[in-house]
Number of protein chains: 4
Amino acid sequence: MSQLAANSAATAETKRLRPARTNATRQKLFDAAMHLIGERGASGVTVDEIAAAAGVSKGTVYYNFGSKSDLVAQLVRHGVDLMLEQLAEAKAAEDPIESTRNMIDQAIQFLSEYPSFARLWVSENWKIPSEWHEVFTELRGKLLAVIGEALDGIALKYPVNPKIARGSLETAIFGASFVVGLDVQTYHPERTRAQSVDAIMTFVHGYVLP
Amino acid sequence: MSQLAANSAATAETKRLRPARTNATRQKLFDAAMHLIGERGASGVTVDEIAAAAGVSKGTVYYNFGSKSDLVAQLVRHGVDLMLEQLAEAKAAEDPIESTRNMIDQAIQFLSEYPSFARLWVSENWKIPSEWHEVFTELRGKLLAVIGEALDGIALKYPVNPKIARGSLETAIFGASFVVGLDVQTYHPERTRAQSVDAIMTFVHGYVLP
Amino acid sequence: MSQLAANSAATAETKRLRPARTNATRQKLFDAAMHLIGERGASGVTVDEIAAAAGVSKGTVYYNFGSKSDLVAQLVRHGVDLMLEQLAEAKAAEDPIESTRNMIDQAIQFLSEYPSFARLWVSENWKIPSEWHEVFTELRGKLLAVIGEALDGIALKYPVNPKIARGSLETAIFGASFVVGLDVQTYHPERTRAQSVDAIMTFVHGYVLP
Amino acid sequence: MSQLAANSAATAETKRLRPARTNATRQKLFDAAMHLIGERGASGVTVDEIAAAAGVSKGTVYYNFGSKSDLVAQLVRHGVDLMLEQLAEAKAAEDPIESTRNMIDQAIQFLSEYPSFARLWVSENWKIPSEWHEVFTELRGKLLAVIGEALDGIALKYPVNPKIARGSLETAIFGASFVVGLDVQTYHPERTRAQSVDAIMTFVHGYVLP
DNA sequence: AATGAATGAGCATTCATTCAT
DNA sequence: CATGAATGAATGCTCATTCAT
């Protein structure tokens, strides 16, 4: 079953994010591609497989997405949009630290709902040359900016360690979140979301001076 | 130039890790493969390219390594051994926090010397099925154990936050290190190693109670 | 712009040659197809491109012409009719040599106006099997007949070299005309029509005894 | 059977023209490709067919020629080299007109021996954009130069018509030769080579003033 | 009369692997 | 030890054609 469709809570948002002319076909291909590529990586999946999994012909993939590369790019973009939207909703709290915690919690939840997206991200992000370098650069910037805003909010209200290079800190939190999120699914399904969030929040608490 | 050979400080250790019957041909192939695969990923490099870069014929690759997959597996195992060895050397400090910092510093340095290894890790580790799953799982356990020991050392000497679930914390540090290390190379080559280490070390200040 | 429509002098004739029920859509497709196929050859143009150039949907091409092959066949037939008609008009001169010159001049002009037709001819005529063999064979016969009549007229009024095998001579003139006409467009756009005609007319001076 | 190999008289020359490292494989592919492409055009023949006709696997085509496009380019180049060599041998006569006649005779004979080459030439030469435009331009220049030299020889010894634009005249002779050569095979196998040559020589006689 | 989504057979090309020398 | 010619299964992509609307 489609991972995207599986998340009933996100259905309303998902719909908004999709292009106006959402065909059943495009959606089926999207879901099938996200699932397969998330598991085996973009280069480990053939267009034939995606088409078969979506129950359409190979030509249909090209009719709808132009190329395998474009399909992946749209997949990444869609995932990030969805993640950003969920993060935006999460940060509405009084205290900035609380707000940041909510955000990380939401991120971990997102990664558990869309493990394929997380795998796609980590497996394609740092390749050289990456076919989707521009897409990743842009989307990486957006995600880091969201983390950065949360840290800004904290720095406004609390004293923070000025020695910590911002930028690197965002990246550390970003990386910790992705890896913790993936590892929970692959190696430690028994761990609770709260445990993951607490571990990642350690970085935040270390940023704030006592 | 070979990334392995580039690290003169590690030369002695490196030699020990290599098969006794290391001939020039095997070594040339090893270096060429590490370099190319580090840049473009295992599936992004052809056996022809590796052979050409090593200045030998394609048949020689098969004569020496049996298959492309075996070549990569040997590459990964070599990286694993080397990283563990370097981390072991790094933790020899009086203060456990200082020791942990040394370890992280060493890890970041290792990732910058063997970007191939780090990229291979993130792109293959969570795949289903992963071609080199065993070797990755083994390394993961060993690395998390090393981080765990460092945390144990800290917990013995300092009061730490008991709410933090150990296990998740190791994973968070592990993930932060890999992602920060990779991001520096791909997106921020201007950042210093100290910046990266400081950012990752933030977790200590969050873990240790004030 | 349409090559067919471009020739204002031929407009009246052209209209006559077109199917009575010429609607705008068919005409747009006809013009677009002639233009594109003239430049890149029948197999080098896709139905999508023709439809796009005509500003209609792909289905419309099939609705109007049944198949790409049929569209090309109609294009060729139209060219045949037009060329024969123009040659017929040209030979109305007193002197048979003058009449022949007019004909060749008209042929060269036709080839420059319908390069599509000439290119289609040379690229398809001698293929085994040729998709449009019948229509080409028919045209070939008619064209050689026209040249033959011109030679008959010359032979009636002037002494000619009896050693020259008629039949081969027509073919030589025919070939010279097509190749000179095509070469002007592809390699020597600076050459005048008069130059081309003079070169081809050389055969007359070689045919007619001094 | 191979057209190239079929000409026992040309075997000696053929051998000389081939690259030093002439494999049986390359030669088989060359022959098969020339035959098939000559009949159906470059785009009408698949690499599978060429490989099958040569009795090798498809990969072997790419191992030896790099791409279908390169194979065709080498085919054209080889054919022209062969033709030029035969023409060079033919023009060794006292009288320049006699020499020219020998050359045209040789050309017609060449075209009858290698009809595939002639078809390949006419079907690919004038396409826009031609994949092999540079190759054709270069080789076209060489062939026209040979005709031009013959005409130069005539102009030195005989009075010639100064009104005739040289360049166009070469093209006319060139085109007449190819088309007469092809038409004999396709439509008039009963015609003798002398008839063809006489017809083409009409252009030459028309060039010389009485 | 027209559309455009969908199809699927077909094609050029790649590449890990084999093997005779 | 090493080579490099040969292989063939796999793959991304094209495009003429169909058909429900």
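Sequence lines set the chain letters: A, B, ... in the order given, protein chains first and strands last, and positions in each chain run from 1.
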Using only side-chain N and O atoms of [X], determine if any of them is under 4.0 Å from OP1 or OP2 of [N].
X: B:Asn64; N: F:dC1; value: no
X: C:Thr25; N: E:dA2; value: yes
X: C:Thr60; N: E:dA1; value: no

Q. Is a salt bridge present between C:Arg119 and C:Glu39, judged by a nitrogen-to-oxygen distance below 4.0 Å?
A.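 No salt bridge links C:Arg119 with C:Glu39.
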Counting side-chain heavy atoms from C-beta on, which of [options] comes nearest to [X]?
X: D:Ser57; options: F:dT7, E:dT17, F:dT14; value: F:dT7
X: A:Val56; options: E:dT17, E:dT7, F:dG8; value: E:dT7
X: C:Tyr63; options: E:dT3, E:dC11, E:dG10; value: E:dT3
X: C:Thr46; options: F:dA6, F:dA16, E:dC15; value: F:dA16
X: B:Val47; options: E:dA12, E:dA16, E:dT3; value: E:dA16

How many Å lie between [atom1] on [X] and [atom2] on [N], as a whole number?
X: A:Asp48; N: F:dC13; atom1: CG; atom2: C1'; answer: 11 Å
X: D:Asp70; N: E:dT14; atom1: CG; atom2: P; answer: 11 Å
X: D:Glu131; N: E:dC11; atom1: CD; atom2: P; answer: 16 Å
X: D:Ile50; N: E:dC11; atom1: CD1; atom2: P; answer: 11 Å
X: C:Arg26; N: E:dA1; atom1: CZ; atom2: P; answer: 10 Å
X: B:Leu71; N: E:dT17; atom1: CG; atom2: C1'; answer: 14 Å
X: D:Glu49; N: E:dG10; atom1: CD; atom2: P; answer: 11 Å
X: B:Leu36; N: E:dC15; atom1: CG; atom2: P; answer: 13 Å

Q. Using a cut-off of 4.0 Å on non-hydrogen atoms, how would the nucleic acid contact of A:Val45 be classed: base, sugar-phosphate, or nothing?
A.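 It contacts sugar-phosphate atoms only.
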Q: Tell me what D:Ser69 touches on the nucleic acid: a base, only sugar-phosphate, or nothing, going by heavy atoms under 4.0 Å.
A: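 Result for D:Ser69 = nothing.
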Q. What distance do C:Asn23 atom CG and C:Asn64 atom CG have between them, rounded to the nearest 0.5 Å?
A. 6.0 Å
Q. What distance do C:Ser43 atom OG and D:Lys127 atom NZ have between them, rounded to the nearest 0.5 Å?
A. 4.5 Å
Q | Partner nucleotide of F:dT21 by Watson-Crick or wobble geometry (both distances under 3.5 Å) | A | E:dA2
**Q.** Opposite nucleotide pairing with E:dA12, Watson-Crick or G-U, both atom distances under 3.5 Å
**A.** F:dT11
**Q.** Non-hydrogen atoms of C:Ser69 and C:Glu131 that approach each other most closely
**A.** OG-OE2, 2.6 Å
Q. Using 30° and 60° as the class limits, which term best fits the ring planes of A:Trp121 and A:Phe117: parallel, tilted or perpendicular?
A. tilted
**Q.** Check: E:dT17 base within 3.5 Å donor-acceptor of B:Lys68 side chain
**A.** no
Q | Donor/acceptor link under 3.5 angstrom from B:Lys58 side chain onto base of E:dT17 | A | yes
Q: Between A:Gly59 and B:Ala42, name the one whose nearest nucleotide on DNA chain E is closer to the 5' end.
A: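 The residue mapped nearer the 5' terminus is A:Gly59.
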**Q.** Backbone N/O of D:Val45 and side chain of D:Lys68: donor-acceptor pair under 3.5 Å
**A.** yes
(Q) Both D:Val61 and C:Gly66 contact DNA chain F. Which one's nearest nucleotide lies toward the 5' end? (A)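 Upstream on the strand: D:Val61.
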